[in-house]
*Asks:* 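Please see the structure below; I have some questions.
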Amino acid sequence: MVGQDKVNSIERRSGVSLWRQIADGILQSIAAGDFAENAALPPEVALAERYGVNRHTVRNAIAALVQEGVLRAEQGRGTFVLSRKRLSYPIGARTRFSTGLQGQTSERHIVLLASSVEPASQRVAEGLGLAKGENVIRLETRGEADGLPVSRAAGWFDAQRFAGIDAAMAETGSITASLARFGIDDYLRQSTVLSARHADAADLADLDLQPGAIVLVTVSVNVTPEGQPIQFSESRFPAERVELKLSAL
């Protein structure tokens with residue numbers, strides 16, 4: 001059952017549409033185990049009464065979750081919960097996209113969306129141990145698993161040391177394989193800062209999300225085994241598809 005605490009979480013002046021808040025409440029209930037696989041949702045009229053909204057608002061929330069593959073609607077029977085376990089992505093000393101999802105998906109790869117050379121911002125420069133304004137190469141990538149986008153990332157590298165890493169990434173589809181071409185056979189996660197926010201317009205488009213969806217954000221620094229910074233990155237994961245599992249760094 002969708003709990004009363006979900007009702008209390010509806011904020012009419014939050015800036016997030018009511019239907020999205022209801023959709024998020026249903027998602028939270030599913031994640032909490034309130035609904036078993038193939039369980040039926042309460043009727044629209046019951047959900048509308050529970051949330052204090054009209055049926056049209058509830059219908060929009062349900063339609064979004066059907067489109068996202070969380071629910072299925074059957075004419076004349078109702079709406080049912082689909083089996084959709086979130087992927088568990090480990091954040092640890094050696095965080096790798098492909099091996100992190102191994103055993104959970106049959107196919108995974110990273111697509112290079114764009115690359116550019118730009119002056120390092122203050123936070124990028126600090127992360128890479130460079131002076132602000134020094135040239136860095138920025139790689140924009142999307143991680144996909146079994147045909148679904150599961151991450152969107154921007155990664156920065158010292159442009160002098162890693163000249164050509166964009167071409168290597170386009171060819172290999174792997175940060176690890178690209179770094180190996182520069183003599184880096186191993187690297188470690190020095191730090192990760194986690195946060196969450198509503199997806200912006202770019203996230204919605206790149207991760208195929210509905211307005212109001214939540215993304216998990218990681219800001220991290222990777223270093224060589226000797227401790228030299230080599231990559232500063234910011235990654236976004238759709239919370240409805242991925243959970244982040246922390247282990248000791």
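Positions are given from 1 along the sequence.
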*Asks:* Quick one: does D146's side chain have a donor or acceptor within less than 3.5 Å of a partner on E107's backbone?
*Replies:* yes
*Asks:* Is any side-chain heavy atom of L139 closer than 4.5 Å to one of I137?
*Replies:* yes
*Asks:* For the residue pair V193 and T218, establish whether any side-chain heavy-atom pair is separated by less than 4.5 Å.
*Replies:* no
*Asks:* Mind checking what makes side chain to side chain donor-acceptor pair (under 3.5 Å) contact with S233, not counting sequence neighbours?
*Replies:* S220
*Asks:* List the steps and the verdict of side chain to side chain contact (heavy atoms under 4.5 Å, CB included) for D208 and R241.
*Replies:* CA-CA 11 Å; D208 192 19; R241 298 175 198 150; 4.2 Å; yes
*Asks:* Looking at CG of N222 and CZ of R189, how far apart are the two atoms once the value is rounded to the nearest 0.5 Å?
*Replies:* 4.5 Å
*Asks:* Can you list the residues that meet the side chain to side chain donor-acceptor pair (under 3.5 Å) rule with D166, with sequence neighbours excluded?
*Replies:* none
*Asks:* Rounded to the nearest 0.5 Å, what separates atom CG in L47 from atom CD1 in I62?
*Replies:* 5.5 Å
*Asks:* Within the structure provided, determine whether H198 and R20 are in side-chain contact (heavy-atom separation under 4.5 Å).
*Replies:* no
*Asks:* Assess the residue pair V217 and R197 against the criterion (side chain to side chain contact (heavy atoms under 4.5 Å, CB included)); give the C-alpha distance rounded to whole Å, side-chain angles, the decisive distance to 0.1 Å, and a yes or no.
*Replies:* CA-CA 8 Å; V217 183; R197 59 170 171 77; 4.0 Å; yes
*Asks:* Which heavy atom in T95 sits nearest to a heavy atom in P90, and how many Å separate them?
*Replies:* CG2-O, 3.6 Å
*Asks:* Taking atom OG of S106 and atom CG of L101, what is their separation to the nearest 0.5 Å?
*Replies:* 11.5 Å
*Asks:* What residues, two or more places apart in sequence or in another chain, satisfy side-chain contact (heavy atoms from CB on, under 4.5 Å) together with Q75?
*Replies:* none
*Asks:* Would you be so kind as to tabulate the donor-acceptor pairs closer than 3.5 Å made by side chains of residues 169-177, with sequence neighbours excluded?
*Replies:*
{"from": "E171", "atom 1": "OE1", "to": "R181", "atom 2": "NH1", "distance (Å)": "3.1"}
{"from": "E171", "atom 1": "OE2", "to": "R181", "atom 2": "NH2", "distance (Å)": "3.1"}
{"from": "T172", "atom 1": "OG1", "to": "A168", "atom 2": "O", "distance (Å)": "2.9"}
{"from": "T172", "atom 1": "OG1", "to": "S174", "atom 2": "N", "distance (Å)": "3.2"}
{"from": "T172", "atom 1": "OG1", "to": "S174", "atom 2": "O", "distance (Å)": "3.2"}
{"from": "T172", "atom 1": "OG1", "to": "S178", "atom 2": "OG", "distance (Å)": "3.2"}
{"from": "S174", "atom 1": "OG", "to": "T176", "atom 2": "N", "distance (Å)": "3.3"}
{"from": "S174", "atom 1": "OG", "to": "A177", "atom 2": "N", "distance (Å)": "3.0"}
{"from": "T176", "atom 1": "OG1", "to": "Y187", "atom 2": "OH", "distance (Å)": "2.8"}

*Asks:* Apart from V111 itself, which Ile, Leu, Val, Met, Phe, Trp or Tyr residues share its cluster (side-chain heavy atoms under 4.5 Å, direct or through members)?
*Replies:* L113
*Asks:* So, using salt bridge (charged side-chain N to carboxylate O under 4.0 Å, His left out) as the criterion, who are the partners of E49 when residues are at least two apart?
*Replies:* none
*Asks:* Do T79 and L65 make a side-chain contact, defined as non-hydrogen atoms from C-beta onward lying under 4.5 Å apart?
*Replies:* no
*Asks:* Taking side chain to side chain donor-acceptor pair (under 3.5 Å) as the test, write out the residues that go with N54, two or more places apart.
*Replies:* T57
*Asks:* Run E243 and K245 through salt bridge (charged side-chain N to carboxylate O under 4.0 Å, His left out) and show every step you take.
*Replies:* CA-CA 6 Å; E243 64 180 13; K245 183 178 180 181; over 6 Å; no
*Asks:* Answer yes or no: is there a side-chain heavy-atom contact under 4.5 Å between L41 and I26?
*Replies:* yes
*Asks:* On a heavy-atom basis, which atom in P238 and which in S151 lie closest, and how many Å separate them?
*Replies:* CD-N, 4.4 Å
*Asks:* Step by step, work out the side chain to side chain contact (heavy atoms under 4.5 Å, CB included) result for D24 and Q21.
*Replies:* CA-CA 5 Å; D24 288 344; Q21 292 186 61; 5.6 Å; no
*Asks:* Roughly how far apart are Q104 CD and S88 OG, rounded to 0.5 Å?
*Replies:* 5.5 Å
*Asks:* Restricting to pairs with a member in residues 120-137, which pass salt bridge (charged side-chain N to carboxylate O under 4.0 Å, His left out), not counting sequence neighbours?
*Replies:* R123-E234
*Asks:* Are the side chain of D206 and the backbone N or O of D203 linked by a donor-acceptor pair below 3.5 Å?
*Replies:* no
*Asks:* Distance from W19 atom CH2 to R59 atom CZ, nearest 0.5 Å?
*Replies:* 15.0 Å
*Asks:* Applying side chain to side chain contact (heavy atoms under 4.5 Å, CB included) to T105 and L148, what does each step give before you reach the verdict?
*Replies:* CA-CA 10 Å; T105 62; L148 278 177; over 6 Å; no
*Asks:* Do F97 and V150 come within less than 4.5 Å of each other through their side chains, counting heavy atoms only?
*Replies:* yes
*Asks:* Between R108 and E144, is the salt bridge (charged side-chain N to carboxylate O under 4.0 Å, His left out) condition met? List the steps.
*Replies:* CA-CA 6 Å; R108 2 176 233 281; E144 301 177 357; over 6 Å; no
*Asks:* Within the 4.5 Å heavy-atom criterion, are V215 and F237 side-chain neighbours or not?
*Replies:* no
*Asks:* For A61 and A23, which heavy atoms make the closest approach, and how far apart are they?
*Replies:* CB-N, 3.8 Å
*Asks:* Supply the atom-to-atom distance H56 NE2 to L18 CG, rounded to the nearest 0.5 angstrom.
*Replies:* 11.5 Å
*Asks:* Taking all heavy atoms of A131 and all of A120, pick out the closest pair and write down the distance.
*Replies:* O-CB, 4.4 Å
*Asks:* Tell me, please, which residues at least two apart from P43 pass side-chain contact (heavy atoms from CB on, under 4.5 Å).
*Replies:* V45, A46
*Asks:* Can you name the residues that form a side chain to side chain donor-acceptor pair (under 3.5 Å) with D186, not counting sequence neighbours?
*Replies:* R94, R96
*Asks:* Minimum heavy-atom separation for A180 to D185, with atom names?
*Replies:* CB-OD1, 4.2 Å
*Asks:* Can you name the side-chain contact (heavy atoms from CB on, under 4.5 Å) partners of A196, sequence neighbours left out?
*Replies:* I214, L216
*Asks:* Let me have the donor-acceptor pairs involving side chains of residues 153-164, under 3.5 Å, with sequence neighbours excluded, atom names and distances please.
*Replies:*
{"from": "W156", "atom 1": "NE1", "to": "E118", "atom 2": "OE2", "distance (Å)": "2.8"}
{"from": "D158", "atom 1": "OD1", "to": "Q160", "atom 2": "N", "distance (Å)": "3.0"}
{"from": "R161", "atom 1": "NH1", "to": "Q228", "atom 2": "OE1", "distance (Å)": "3.0"}

*Asks:* Can you name the closest pair of heavy atoms from G127 and P229 and give their distance?
*Replies:* O-CB, 3.3 Å
*Asks:* Quick one: are T224 and I230 in side-chain contact, heavy atoms under 4.5 Å?
*Replies:* yes
